[in-house]
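Quick caveat, the model's predicted, so the values are computed rather than measured.
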Amino acid sequence: MRIATWNVNSVRSRIDRVEAFVARHDVDVLVLQETKARDDQWPLMGLQAMGYEVATHGLNQWNGVAVVSRVGLEDVEPGFPGMPGFGDPVAPEARAIGATCGGVRVWSLYVPNGRKVDDPHMTYKLEWLAALRTQATQWLADDPDAAVVLAGDWNVVPTDDDVWDIEQFRNSTHVTPAERAAFAAFIEAGYADLARPHTSGPGTFTYWDYYRQRFERNRGMRIDFLLGTPAVEQRVTGAFVDRDERAGTGASDHAPVIVDLR
DNA sequence: ATGGTCGTTTCACGA
């Protein structure tokens, strides 16, 4: 089973690329972030014609997540229990959706950006990650053999090697000790970075800013991850970043990350 | 410190 995660930065402006991507790589399950489409705006028809089911969670023009699957799509759940902002009548958030696909519980996650280190959104980001970690820990406690994948745009750079120049990020979000600790807490809880063993080495990034020719110069960041429970980790046979998807006109600022399970 | 480029419900703001 081939699972991919991709921050698509508007699914409506990039649906042709999404359809070409799943066809090119024979993807079974694709989780998307920053779809920027309400549920009623989603361009479903092409994917459905290709044999995929689609579960969307979009409340406004911001955020938005989805699960696309051709190996079943059951028990769809927008948001996770205790997720900050979920169901908020003033500022509702659409940053997580879960579904069971081919026997694996898959979550599409769009972790809050944080904006600035001293911004309230940074506190929100850390609370969001802590709430998710509480759930992730519980799922594994309930069933140590659970097959769970937490995939998406984590907006965290776990190590200095995961960014093109750490000196450029001295007072920035994504690299602070608090964010790195929040990410590491998932590893400590028993979740493994599924792609890293197969996509190692400096310069392996998943995101490049649009401006200043960051992609052409490979000045990027690794912030898109698939974390898996032990039951999933032992099934991984390979992984790669589809760097080509970031090239050319009309690309998202993120590249997809693909993981293969036996 | 600023600005660069994308996206959106665009003449403003988030990433």
Specify the separation, in whole Å, of atom [atom1] of [X] and atom [atom2] of [N].
{"X": "R219(A)", "N": "dG4(B)", "atom1": "CZ", "atom2": "P", "answer": "17 Å"}
{"X": "R214(A)", "N": "dT5(B)", "atom1": "CZ", "atom2": "P", "answer": "12 Å"}
{"X": "Q33(A)", "N": "dG7(B)", "atom1": "CD", "atom2": "P", "answer": "18 Å"}
{"X": "D209(A)", "N": "dG7(B)", "atom1": "CG", "atom2": "P", "answer": "14 Å"}

Point to revise | Residue pairs fulfilling side-chain hydrogen bond (donor to acceptor under 3.5 Å, both in side chains) with at least one residue in residues 84-93 of chain A, sequence neighbours excluded | key: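 Every side-chain hydrogen bond (donor to acceptor under 3.5 Å, both in side chains) pair that includes a residue of residues 84-93 of chain A, provided the two are not neighbours, is N63(A)-E93(A), E93(A)-R95(A), E93(A)-Y124(A).
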
Review point. Got a sec, which residues hit ring-ring contact (aromatic ring centres under 6.0 Å, His included) with F186(A), two or more places apart in sequence or on another chain?
Key: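 Testing F186(A) for ring-ring contact (aromatic ring centres under 6.0 Å, His included), a comparison that skips the adjacent residues, returns W154(A).
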
Could you tell me how far [M] sits from [N] if I compare only their [atom1] atoms? Round to whole Å.
{"N": "dG14(B)", "M": "dT9(B)", "atom1": "C1'", "result": "14 Å"}
{"N": "dT10(B)", "M": "dA15(B)", "atom1": "C1'", "result": "15 Å"}
{"N": "dA1(B)", "M": "dC11(B)", "atom1": "P", "result": "29 Å"}

Review point. Restricting to pairs with a member in residues 248-262 of chain A, which pass salt bridge (charged side-chain N to carboxylate O under 4.0 Å, His left out), not counting sequence neighbours?
Key: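 For residues 248-262 of chain A, and leaving out neighbouring residues, the salt bridge (charged side-chain N to carboxylate O under 4.0 Å, His left out) pairs sorted by first residue read R2(A)-D260(A).
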
Exercise for review: Return each pair, listed once, that meets ring-ring contact (aromatic ring centres under 6.0 Å, His included) where at least one residue sits in residues 31-58 of chain A; pairs must be two or more places apart or across chains.
Suggested key: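 As it turns out, the ring-ring contact (aromatic ring centres under 6.0 Å, His included) pairs with a partner in residues 31-58 of chain A, which skip direct neighbours, are H57(A)-F86(A).
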
Exercise for review: Assign a letter to each nucleotide of nucleotides 8-15 of chain B from its 5' end: B, base within under 4.0 Å of a protein heavy atom; S, sugar-phosphate only; -, no contact.
Suggested key: SB----SS

Review point. Is there side-chain contact between V106(A) and T100(A), with at least one heavy-atom pair below 4.5 Å?
Key: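 Result no, sub-4.5 Å side-chain heavy-atom pair not found.
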
**Study point:** Remaining members of hydrophobic cluster (4.5 Å side-chain criterion), L126(A)
**Key:**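 L126(A) clusters with nothing; isolated.
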
